2 protein chains.
Amino acid sequence: MGLFSKTCEYAMRAVFYIASHSADGSRPGIKEIAENINSPEHFLAKILQKLSKGGIISSIKGPNGGFYIEPNGLKRPLADIITCLEGDEIFTGCGMGLSYCSESNPCPLHNEFKKVRNQLTHMLYKTSIGEFNSELLTGALTLNK
Amino acid sequence: MGLFSKTCEYAMRAVFYIASHSADGSRPGIKEIAENINSPEHFLAKILQKLSKGGIISSIKGPNGGFYIEPNGLKRPLADIITCLEGDEIFTGCGMGLSYCSESNPCPLHNEFKKVRNQLTHMLYKTSIGEFNSELLTGALTLNK
DNA sequence: CGAATAAAAGACAAAAATATCTTTTATTCA
DNA sequence: TGAATAAAAGATATTTTTGTCTTTTATTCG
């Protein structure tokens, strides 16, 4: 098991893919996205539905439809994807799963673990959804396999 | 979902508990441990069996039996618990689950994510199993709820 | 309008993680 | 030796995550 769930892994990859194709106004469909990020098509569909309801991405039905992201949306942080799909437990929860653990009543690992969480939080907030658009479009970066 | 699985959360709590009681030569049993770290007894039993096979903890059957940790074992890093139970994917895996991702062929998040992984790795290696023994024995730190 | 397209939604299936219960094995001690 | 104790091991159940398939709804365009 990696740090993130499959759901979040697929979501980040898909959003990066959609973002890079939203620059030129194109709207990739589920099938194209799933192929290019190497994810199960219908499972990804569910994820994108949730991201769509959460306002992270937009979609249009019918011919020439698909998924896209508003120019403003490209500035949003990656963290919004995680929060939309699984809440903020990964940003705030205790490393050992202790509910009493807090700043005022810390568990053994609290202070050290906080550094890890903060680093993760920082990374996910400072990275924007559209951050890698040009590298992805030129093929310098890829999202499959 | 937190950063670690329930398995790892219970395991870390249980090992800290056992460690703190191994200082004085006592050997808590499954029931006592489960109660004090607030975990399901039989599920924890499976975890401790695996940690025992992995040499992280030791056990003795029969009356006056239970779990304990050798003095030398108290110096081992917390990371050994995670590795024993779930391998080292959490220390090495790509943040977005891309198998091609490596130092020479990095994914978009690679460099930033590496910092998080390194911080996590560092914390788990520099923290020893017996690190909090005195605080746990005096009750300054607790492991339940 | 009606056919084609594509996302949304719903139902279901498989796998993995988590949890519970029972039986077996090893050990102690009277 | 035999009863009691406690971990090991095995079997089963539940829940969550992940994955697949089908039907519905919205949109476009001839």
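Order of the sequence lines sets the chain letters (A, B, ...), proteins ahead of strands, with each chain counted from 1. Scope of the values below: all heavy atoms of this structure, side chains included, with no hydrogens, waters or symmetry mates. Worth saying up front: this structure is predicted, and the values here are computed from it rather than measured.
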If you assign A:Glu86 and B:His42 each to the DNA chain D nucleotide with the nearest heavy atom, which residue ends up on the more 5' nucleotide? B:His42

Mind checking A:Lys50 for me? I need base, sugar-phosphate or nothing, with any heavy atom below 4.0 Å counting as a touch. nothing

Phosphate OP1/OP2 of D:dA8: any B:Ser52 side-chain N/O under 4.0 Å: yes

Can you tell me which residue among B:Arg76, B:Lys75, B:Glu70 is in a side-chain hydrogen bond (donor to acceptor under 3.5 Å, both in side chains) with B:Asn72? B:Lys75

Measure CD/B:Glu41 against C1'/D:dA6 and give the value in whole Å, please. 11 Å

Nucleotide D:dC21, atom P - distance to CD1 of A:Ile30 in whole Å: 15 Å

Relative to the 5' end of DNA chain D, which residue comes earlier, A:Pro40 or B:Gly65, by the nucleotide with the nearest heavy atom? B:Gly65

Reckon B:Thr7 has a side-chain N or O less than 4.0 Å from the OP1 or OP2 of C:dT18? yes

Does a side-chain N or O of A:Ser59 approach OP1 or OP2 of C:dA6 to a distance below 4.0 Å, or not? no

Under the 3.5 Å rule, do the base of D:dT25 and the side chain of A:Lys61 count as making a donor-acceptor pair? yes

Please work out if A:Lys46 contacts a base, only the sugar-phosphate, or nothing of the nucleic acid, heavy-atom cut-off 4.0 Å. base

With a 3.5 Å cut-off and no angle check, do the side chains of A:Glu86 and A:Thr7 form a donor-acceptor pair? no

Determine the contact category for A:Ile60: base if any of its heavy atoms lies under 4.0 Å from a base atom, sugar-phosphate if only primed atoms, P, OP1 or OP2 are that close, otherwise nothing. sugar-phosphate

